[in-house]
Amino acid sequence: MNLQHEKIIQLCDELKLEGLSNEYSAICQQCAKEEVSFTDCLEQLLKAEASARSVRTKSMLTRMSGLPIIKTLDEFDFDFAHGVPKKQIMELASLAFIERKENIVLLGPSGIGKTHMAIALGYLATQAGIRVRFLSAADLIVLLEEAQKRETYKKTMVTLTAPKLLIIDEIGYLPLARNQADHFFQVIAKRYEKGSVILTSNLNFGQWDKTFAGDGVLTAAMLDRLLHHSHVLALKGESYRLKEKRKAGIVKGN
Ligand code: ADP
Ligand code: MG
């Protein structure tokens, strides 16, 4: 190991140029071999650093997003799920809805692919360098109740409004008490026209007041904000989980 190499590595460390530190030696050797100009060589070195940073950012955004698992649209069988026009999903996959601060509501019975679709769009966003936060509705309520007890409500609310995309999964499985419904309303109201939300639910909108403490007024006010700029996708058909079990011979039927 020569002195100059050590100096370069040390400077890269100081300047936090991890990509350059790893790749400069190979790039410089290649450039010398091919008699590439200094400026072209510099460009290659900077590109190596930029690309390493982009990989790091994407993996950090994925880690911070709270996505429970990685699912992609490539894995999604559009022939199986009815009511999900592939064209519309592909348009959403361009992520322009996030720039436009629009919402997506995925409705349908259990096992139909609502969470899969929400995760796939969330993952795509992280890969585009967008900050995403994924939570189940139940976890969201626990988080805000805890925050209220510890007097960190405002700070916690910032963590829910700062990401450009917030995904709230499984609305409707858990009936909310009055104050819990208020917490939920606050999140939707705070994000209105400021950042996108993707929601999934097994309930039709007409049944949402049951989940939100039977409060028709609060539910209407929330839906009003949620649906003002939104894409509603109603998935229909049987559970994909059941189909897979049937294929494996665990459940009978066609
Ligand atoms: P939901 O949230 O509607 O209850 P999920 O998204 O959790 O359903 O889907 C259940 C399982 O079936 C997951 O493993 C998911 O990846 C898979 N799945 C559902 N729909 C499809 C589909 N159309 N193509 C491929 N996999 C699917
Ligand atoms: Mg689900």
Side-chain angles (χ1 to χ4, degrees), residues 62-63 65-95 97-98 102-127 132-144 160 163 165-176 180-181 184 187-188 191 196-208 210-212 219 222-223 226-227 230-254:
T62 310
R63 252 195 343 268
S65 67
L67 290 173
I69 190 171
I70 304 302
K71 298 265 176 184
T72 64
L73 288 178
D74 288 342
E75 298 159 356
F76 197 80
D77 178 355
F78 285 91
D79 294 333
F80 179 78
H82 308 291
V84 194
K86 189 170 179 181
K87 204 170 146 220
Q88 190 180 4
I89 300 298
M90 287 315 176
E91 151 62 24
L92 294 174
S94 75
L95 304 177
F97 77 96
I98 298 178
E102 293 164 353
N103 303 322
I104 299 178
V105 186
L106 294 158
L107 301 175
S110 178
I112 198 83
K114 303 181 296 296
T115 303
H116 184 135
M117 186 87 72
I119 290 175
L121 291 169
Y123 180 62
L124 265 181
T126 62
Q127 298 311 290
V132 175
R133 178 90 189 265
F134 178 104
L135 288 153
S136 70
D139 286 346
L140 177 76
I141 296 305
V142 170
L143 184 76
L144 288 172
L160 295 169
L165 175 61
L166 177 71
I167 304 175
I168 309 173
D169 196 25
E170 297 189 338
I171 288 156
Y173 285 116
L174 192 81
L176 304 179
Q180 294 176 325
F184 202 97
V187 174
I188 300 300
R191 289 193 66 93
S196 295
V197 185
I198 299 182
L199 294 180
T200 80
S201 178
N202 59 324
L203 300 179
N204 300 323
F205 293 128
Q207 300 168 302
W208 277 36
K210 279 194 221 150
T211 281
F212 290 98
T219 307
M222 188 180 65
L223 285 177
L226 195 63
L227 300 179
S230 69
H231 306 263
V232 178
L233 304 176
L235 285 74
K236 297 183 192 82
E238 69 159 350
S239 162
Y240 195 85
R241 292 188 193 104
L242 218 69
K243 179 204 131 168
E244 296 215 306
K245 281 193 178 147
R246 188 168 292 141
K247 225 165 77 183
I250 300 166
V251 178
K252 286 201 178 122
N254 52 13

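Whatever order the structure lists them in is the order used to number ligands and atoms, beginning at 1. All residue numbers in this chain count up from 1 along the given sequence. What's counted below: heavy atoms across the whole structure, side chains too, no hydrogens, waters or symmetry copies. No experiment lies behind these values; they were computed from the predicted model shown.
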- Query: Which of the atoms of ligand 1 are close to K71, meaning less than 4.0 Å from one of its heavy atoms?
  - Reply: 13 (C), 14 (O), 15 (C), 16 (O)

- Query: Nearest protein heavy-atom contact for atom 23 (N) of ligand 1: which residue, which atom, what distance?
  - Reply: D77 O, 3.0 Å

- Where is the tightest heavy-atom contact between E102 and S196, given as atom of each residue plus distance? O-OG, 2.7 Å

- Message: Show the atoms of ligand 1 that are less than 4.0 angstrom away from any heavy atom in P109.
- Response: 3 (O)

- Is ligand 1 less than 4.0 angstrom away from at least one heavy atom of I112? yes

- Query: Quick one: does ligand 1 sit under 4.0 Å from the side chain of M117, the backbone, both or neither, non-hydrogen atoms only?
  - Reply: neither

- Of the backbone and side-chain N, O or S atoms of T115, does one lie nearer to the Mg ion (ligand 2) than 2.8 Å? yes

- Message: Considering non-hydrogen atoms of the protein only, which is the closest contact for atom 12 (O) of ligand 1, and what is the distance?
- Response: Y240 CD2, 3.4 Å

- Decide whether an N or O pair under 3.5 Å exists between H116 and ligand 1. yes

- Item | Any I171 side-chain heavy atom under 4.5 Å of F184 side chain | yes

- Query: Does G113, backbone or side chain, put an N or O under 3.5 Å from an N or O of ligand 1?
  - Reply: yes

- Does F76, backbone or side chain, put an N or O under 3.5 Å from an N or O of ligand 1? no

- Side chain or backbone of S239 under 4.0 Å from ligand 1, or both, or neither, by non-hydrogen atoms? neither

- What protein heavy atom sits nearest atom 11 (C) of ligand 1, and how far away is it? R241 CG, 4.0 Å

- Query: Does even one non-hydrogen atom of G111 get within less than 4.0 Å of ligand 1?
  - Reply: yes

- Go through I167 and R133 one step at a time and tell me if the side chain to side chain contact (heavy atoms under 4.5 Å, CB included) criterion holds. CA-CA 6 Å; I167 304 175; R133 178 90 189 265; over 6 Å; no

- Item | Closest heavy-atom pair and its distance - F78, L73 | CE1-O, 4.0 Å

- Query: Considering only heavy atoms of E75, which atoms of ligand 1 have at least one such atom less than 4.0 Å away?
  - Reply: 24 (N), 25 (C)

- Query: If we only count heavy atoms from C-beta on, is the L235 to L106 side-chain gap below 4.5 Å?
  - Reply: yes

- Write out the residue and atom name of the closest protein heavy atom to atom 2 (O) of ligand 1, then the distance separating them to 0.1 Å. T115 OG1, 2.7 Å

- Is there a side chain to side chain contact (heavy atoms under 4.5 Å, CB included) between L67 and Y123 once you walk through the steps? CA-CA 8 Å; L67 290 173; Y123 180 62; 4.0 Å; yes

- Indicate whether any N or O donor in one side chain lies under 3.5 Å from an N or O acceptor in the other, for Q127 and T62. yes

- Task: Say whether T115 and D169, considering side chains only, have a donor N or O and an acceptor N or O under 3.5 Å apart.
- Result: yes

- Task: Report yes if the side chains of F205 and L227 come closer than 4.5 Å at any heavy-atom pair, otherwise no.
- Result: yes

- Message: What verdict does the side chain to side chain contact (heavy atoms under 4.5 Å, CB included) test give for L199 and I104, after you've listed the backbone C-alpha separation in whole Å, the side-chain angles of each residue and the deciding distance to 0.1 Å?
- Response: CA-CA 6 Å; L199 294 180; I104 299 178; over 6 Å; no

